[in-house]
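For reference, the structure discussed in these notes is given below.
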Amino acid sequence: MEMWKKPVWRVPLVLCALGILNRLLHFSGGLIWGFILRARGPGPDGTIVLTTGYIAEIVAAVTCLLFWLAGWRFVRGLTRREIFCSASIMVLVNAALLAAEQITQAAGGYSLWVYRLYALAEGSMWVDQILFRLFDTVSVPLAVPGLFAPYLYLVFGKRNTHD
């Protein structure tokens with residue numbers, strides 16, 4: 001708990017917890033949606049078609065709401081300088097994960113370690129989902145603005161006071 005008291009670790013810890021919660025919401029939503037589709041039964045051709053439906057959009061909206069609520073609850077008391085330094089750690093983590101993902105894909109595969117570590121960064125992935133749906137494509141240039149989402153917590157910062 002000593003780590004929580006240090007302002008430099010506040011944003012990374014909040015976003016990592018939010019990312020894990022996001023991953024759990026995504027998995028449980030997909031599981032429930034799969035059960036709903038199976039309960040509907042087969043279609044006219046006798047097959048059951050499993051789709052993701054709107055799970056990604058619903059989870060992105062919930063994560064966006066949780067992102068702002070977590071910022072209001074846990075980041076609000078910090079100065080803007082502390083939030084900037086703390087958010088910079090998460091921006092570097094997000095950038096490293098995106099780079100590792102692109103390198104492994106360029107090598108012809110996808111690392112499960114990158115996938116697992118992305119759970120820690122999914123707290124700010126709602127920005128990516130909005131951009132992907134808005135432009136109806138998935139690309140690296142659209143993922144770059146989402147890297148800087150932790151800086152949105154600067155709106156909760158109080159001005160630096162010089163005592």
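Residues: numbered from 1 along the sequence shown. Values in this document were obtained by computation on a predicted structure and should not be read as measured data.
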*asked:* Taking atom CG as the centre, does Asp45 end up with more than 12 heavy-atom neighbours from other residues, nucleotides or ligands that are less than 6.0 angstrom away?
replied: yes
Is there a path of hydrophobic side-chain contacts, each under 4.5 Å between heavy atoms of I/L/V/M/F/W/Y residues, joining Leu134 to Leu152? yes
- prompt: Once the angle between the rings of Tyr153 and Trp68 is folded into 0 to 90°, is it parallel (under 30°), tilted (30 to 60°) or perpendicular (over 60°)?
  reply: perpendicular
- From CA spacing to verdict: side chain to side chain contact (heavy atoms under 4.5 Å, CB included), Phe156, Leu78: CA-CA 8 Å; Phe156 295 122; Leu78 302 177; over 6 Å; no
Correct closest heavy-atom pair for Ala87 and Pro150 would be CB-O, 3.5 Å
dist Ser86:OG -> Tyr151:OH (nearest 0.5 Å) comes out at 10.0 Å
One should read off an interatomic distance between Thr63 OG1 and Arg23 CZ, to the nearest 0.5 angstrom, of 11.5 Å
message = Between Ile89 and Leu92, is there shared hydrophobic-cluster membership here, with clusters defined by ILVMFWY side-chain heavy atoms closer than 4.5 Å?
response = no
Under 3.5 Å donor-acceptor, Arg10 side chain and Ile83 backbone:
no
CG of Asn22 to CG of Leu15, rounded to nearest 0.5 Å, is 11.0 Å
Practice item. List the steps and the verdict of side chain to side chain contact (heavy atoms under 4.5 Å, CB included) for Leu97 and Val93. Key: CA-CA 6 Å; Leu97 285 171; Val93 168; 4.1 Å; yes
So CE of Met125 and CG of Leu18: to nearest 0.5 Å the spacing works out to 11.5 Å
Closest non-hydrogen atoms of Glu101 and Thr104, given as atom of the first, atom of the second and distance, are O-OG1, 3.0 Å
- Phe135 CZ: over 12 foreign heavy atoms closer than 6.0 Å: no
If you define the side chain from C-beta out and look only at heavy atoms, does anything of Leu50 sit under 4.5 Å from Trp33?
no
Tightest non-hydrogen contact, residues Ala95 and Leu147, listed as N-CD2, 3.8 Å
Q) Counting distance only, does the side-chain N/O of Arg76 pair as donor-acceptor with the main-chain N or O of Trp72 below 3.5 Å? A) yes
Pair Arg159, Arg80 - check side chain to side chain contact (heavy atoms under 4.5 Å, CB included), show working.
CA-CA 6 Å; Arg159 295 195 185 272; Arg80 289 182 183 164; 3.3 Å; yes
Here the gap from Asp128 atom CG to Ser139 atom OG, rounded to the nearest 0.5 Å, amounts to 10.0 Å
Q.
Membership question, hydrophobic clusters at under 4.5 Å side-chain separation (ILVMFWY): are Ile20 and Val11 in the same one?
A. yes
Applying side chain to side chain contact (heavy atoms under 4.5 Å, CB included), run through Phe84 and Leu154 and close with a yes or a no. CA-CA 7 Å; Phe84 181 81; Leu154 287 170; 4.1 Å; yes
### Task
Ignoring hydrogens and angles, tell me if any N or O in the side chain of Thr47 forms a donor-acceptor pair with the backbone of Val49 under 3.5 Å.
no
dist Leu25:CG -> Ile55:CD1 (nearest 0.5 Å) comes out at 10.0 Å
Establish whether Val144 and Leu142 are linked, either directly or via other cluster members, by ILVMFWY side-chain heavy-atom contacts under 4.5 Å.
yes
Closest heavy-atom pair, Ala149 versus Val127, reported as atoms and distance to 0.1 Å, is CB-CG2, 3.8 Å
Within one Ile-Leu-Val-Met-Phe-Trp-Tyr cluster: Trp126 and Phe27, side-chain cutoff 4.5 Å = yes
Smallest heavy-atom separation, Ala121 atom then Met90 atom, equals CA-CE, 4.0 Å
Nearest heavy-atom contact between Val14 and Ala70 is CG1-CB, 3.6 Å
